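A, B, ... follow the sequence lines: proteins, then strands. Residue 1 opens every chain. The model shown is predicted, which means the values in this text are computed figures rather than measured ones. Every heavy atom of this structure was used, including side-chain atoms; hydrogens, water molecules and symmetry mates were not.
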There are 2 protein chains.
Amino acid sequence: MPRDATLEDVARQAGVSLATASRVLNGSTRQVGRALRERVEQAAAELGYTTNRAAQALARSASDILGLVVHDLSDPYFAVVANAVVRAAERHGLSVMVGTTFRDPEAEIGYVATLRAQRVRAIVLAGSRIADPRVTERLRKEIDRFQSTGGRAALIGQDLLGVDTVVPDNRAGARALAVSLAELGHSRFAILTGPSTLLTAVDRVTGFTEGLASAGLPAPLLIPGPFDRDGGYAAAERLVALMSGEAGAEPIEGAEFPASEVTCVFAVNDVMAVGALAALRAHGVDVPGRVSVAGFDDIPTLRDLTPSLTTVRLPLAEMGRRAVELAMGTAPITAEPALTEVVLRESTRPLP
Amino acid sequence: MPRDATLEDVARQAGVSLATASRVLNGSTRQVGRALRERVEQAAAELGYTTNRAAQALARSASDILGLVVHDLSDPYFAVVANAVVRAAERHGLSVMVGTTFRDPEAEIGYVATLRAQRVRAIVLAGSRIADPRVTERLRKEIDRFQSTGGRAALIGQDLLGVDTVVPDNRAGARALAVSLAELGHSRFAILTGPSTLLTAVDRVTGFTEGLASAGLPAPLLIPGPFDRDGGYAAAERLVALMSGEAGAEPIEGAEFPASEVTCVFAVNDVMAVGALAALRAHGVDVPGRVSVAGFDDIPTLRDLTPSLTTVRLPLAEMGRRAVELAMGTAPITAEPALTEVVLRESTRPLP
DNA sequence: CTGTTAGCGCCTTCAG
DNA sequence: CTGAAGGCGCTAACAG
């Protein structure tokens, strides 16, 4: 099996030195005589030469790879972010290496280690931090180590790792959503909270609750569960059981009002909201007739739902792009959180 | 700035030779004395040593990277495939480098070249081939070159590149769908065909048309357009104009029946179907009351639409996984196309 | 079992 | 402007 042509092959074929071949083919400040250059270029073409990036990276001790760590590529949230990251990286001449963690913090730490081993130029970490300070600390250590030897890193999420971070303003967004919904006339809310370990989920619950309080409304019913579509489905089913006063339904502690009075449900992300809509439909609960439903993120793929989903828009693509700029040091490090915007659609209706 | 610890640093610190350090830290068949091994391991830990994969790849002339090329990561089709590819690659101890082409064949060729430059171990190309034999040939050349020097490649799509391919059976799937729909009583169809340059789109149109013919039905109305959500929206809008006999509507040539008789619309992929549903809704056309709608792919994220979408299921994750196995040579090369299955849901209704 | 010694493919001073 | 030579970090014979 013929091996790849090397720079040396090219140099020999062109009758020049290795250095000259290197200069015309890969050197940035090439100052090679026209004649020689052409010979080298022709030789390279004839041999089908392609720079060996691994070798180049080694020699230059600087790779052209950007590492990206996400929870789940098939989740539209990360799909959009990843897409933007890839595009932005491309503009910097970088290739992207992705890893998925499925929300396993150990996997996240492990993947950072892998990227460090590849000596990638920069790492972008996307996704909610978790509440466990021990693993956060370990991840932080891993990143510190990467940075201490010249690596660059940026984060999308909670600013807990001491690196440049794109911070989605989950709390303010959720607060604004709560206020908007209150203005629609709702006063009895339930939140499908997601897991209490996920900071993103917690921030949204907190913000929403604050918003209700500021409107003088009672605290919402809190129904936890997984952060995905099925989690939303299950949580909504439990809510339905509660609302209809079903016998076996596990009650919610500390509730300030009976579940049957709930008129509006906030799922802490769109994917969960979709699951909730499905569950409500399956149980014959009309949306928005009987209850209104709101989500968070404004996932593009989910815009065409029926009823269309009220949500809080996050500029996902913009966030991905910005993370790359931060990681590459080509963006100001102003810590302004990613702007959010409440988008009222058909899944929430005003109460008379 | 402290540089990364190298193997040599570790060896020195442990008081052993480079080779020994290498053997305990990276060698597969390590046969190193217990005492020395422990000293090396401790030294490595103290120094925070991490193998430099780039150097390792160079020395071994074998990288542990798998390259993946998709059209658009934010498209749920590719998001699911990519996710599966990443997971499967991980099981092989490979990291994944992704590139997105946005259906630009030049970009696709370019990205294969990039991956070749990285000397990745294998390349997986996902996405429809296009009808242009010239670019297909160039891509094929690029892949041949990669393979000729030991690279492995696999494809998801039409088997046109001379590499192991996972072939979704678009034609048979569409044919079966047409038959099912005919059995429901429909006889006047329109197809939102997508672009005639995309082989995937063409195959589905062909299969569907064959299915209708086999049922003794007239040829469907063909409405072309882009392969994405907005393309589906626009094409459906045109159909609506046609159906309602609107003045300015550009008629469809060769139609065997008036557009107003159409009772069923087939969008050649789910994402387009979603756009079509939105357009129909926007124009007050009831689905499935006035027209039925069917898609293709069975994208998981889209399962919770209202009305739920009739479609043809493709085992997306399985296909991604299988492509990796093919690329790694760990799967039989049986050319059985990826199985399809018609899934009838609410968006299509039987006609009396 | 362990150490020595060439490379892997390319870059980059340093001379000429 | 061009060539020679050492080095990037690691592996893999080949000796001991």
Novice: Roughly, in whole Å, what's the span from CG in A:L25 to P in C:dC11?
Specialist: 9 Å
Novice: Please find the earliest and latest nucleotides of DNA chain D, in the 5' to 3' direction, that have an atom within less than 4.0 Å of any heavy atom of chain A.
Specialist: D:dC1 to D:dG9
Novice: Five pairs at each end of the helix from C:dC1-D:dG16 to C:dG16-D:dC1: take the axis at both ends and give me the angle between them to 10°.
Specialist: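 The helix from C:dC1-D:dG16 to C:dG16-D:dC1 shows an end-to-end axis angle of 40°.
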Novice: List the residues meeting side-chain hydrogen bond (donor to acceptor under 3.5 Å, both in side chains) with B:D72, not counting sequence neighbours, and say none if there are none.
Specialist: A:N83, B:S74
Novice: Test: ring pair (Phe, Tyr, Trp, His ring centres under 6.0 Å). Region: residues 72-119 of chain B. Which pairs qualify, not counting sequence neighbours?
Specialist: B:H71-B:F78
Novice: Which pairs with one or both residues in residues 118-130 of chain A pass side-chain hydrogen bond (donor to acceptor under 3.5 Å, both in side chains), sequence neighbours excluded?
Specialist: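 Every side-chain hydrogen bond (donor to acceptor under 3.5 Å, both in side chains) pair that includes a residue of residues 118-130 of chain A, provided the two are not neighbours, is A:E108-A:R129, A:Q118-B:D64, A:R119-B:D4, A:S128-A:T200.
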Novice: Mind checking what makes side-chain hydrogen bond (donor to acceptor under 3.5 Å, both in side chains) contact with B:R134, not counting sequence neighbours?
Specialist: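 side-chain hydrogen bond (donor to acceptor under 3.5 Å, both in side chains) list for B:R134, sorted by chain: empty.
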Novice: Could you tell me which residues satisfy side-chain hydrogen bond (donor to acceptor under 3.5 Å, both in side chains) with B:R145, sequence neighbours excluded, listed by chain and number?
Specialist: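 By the side-chain hydrogen bond (donor to acceptor under 3.5 Å, both in side chains) rule, B:R145 matches no residue at all.
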Novice: Which pairs with one or both residues in residues 42-51 of chain B pass side-chain hydrogen bond (donor to acceptor under 3.5 Å, both in side chains), sequence neighbours excluded?
Specialist: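 For residues 42-51 of chain B: A:R116-B:T50, B:Q13-B:E46, B:N26-B:T51, B:Q42-B:E46.
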Novice: Using side-chain hydrogen bond (donor to acceptor under 3.5 Å, both in side chains) as the criterion, list what pairs up with A:T330, not counting sequence neighbours.
Specialist: A:E325
Novice: For B:R321, which residues count as a salt bridge (charged side-chain N to carboxylate O under 4.0 Å, His left out) partner, sequence neighbours excluded?
Specialist: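 Salt bridge (charged side-chain N to carboxylate O under 4.0 Å, His left out) list for B:R321, sorted by chain: B:E318.
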Novice: Can you sort out the partners of B:A82 under side chain to side chain contact (heavy atoms under 4.5 Å, CB included), two or more places apart, ordered by chain and number?
Specialist: A:L73, B:L68, B:L73
Novice: I'd like a list of close polar pairs between nucleotides 4-9 of chain C and the protein, N/O only, cut-off under 3.5 Å.
Specialist:
from  : atom 1 : to    : atom 2 : distance (Å)
C:dC8 : O2     : B:A59 : N      : 3.2

Novice: Please tell me if the side chains of A:L66 and A:V85 come closer than 4.5 Å, counting only heavy atoms from C-beta onward.
Specialist: yes
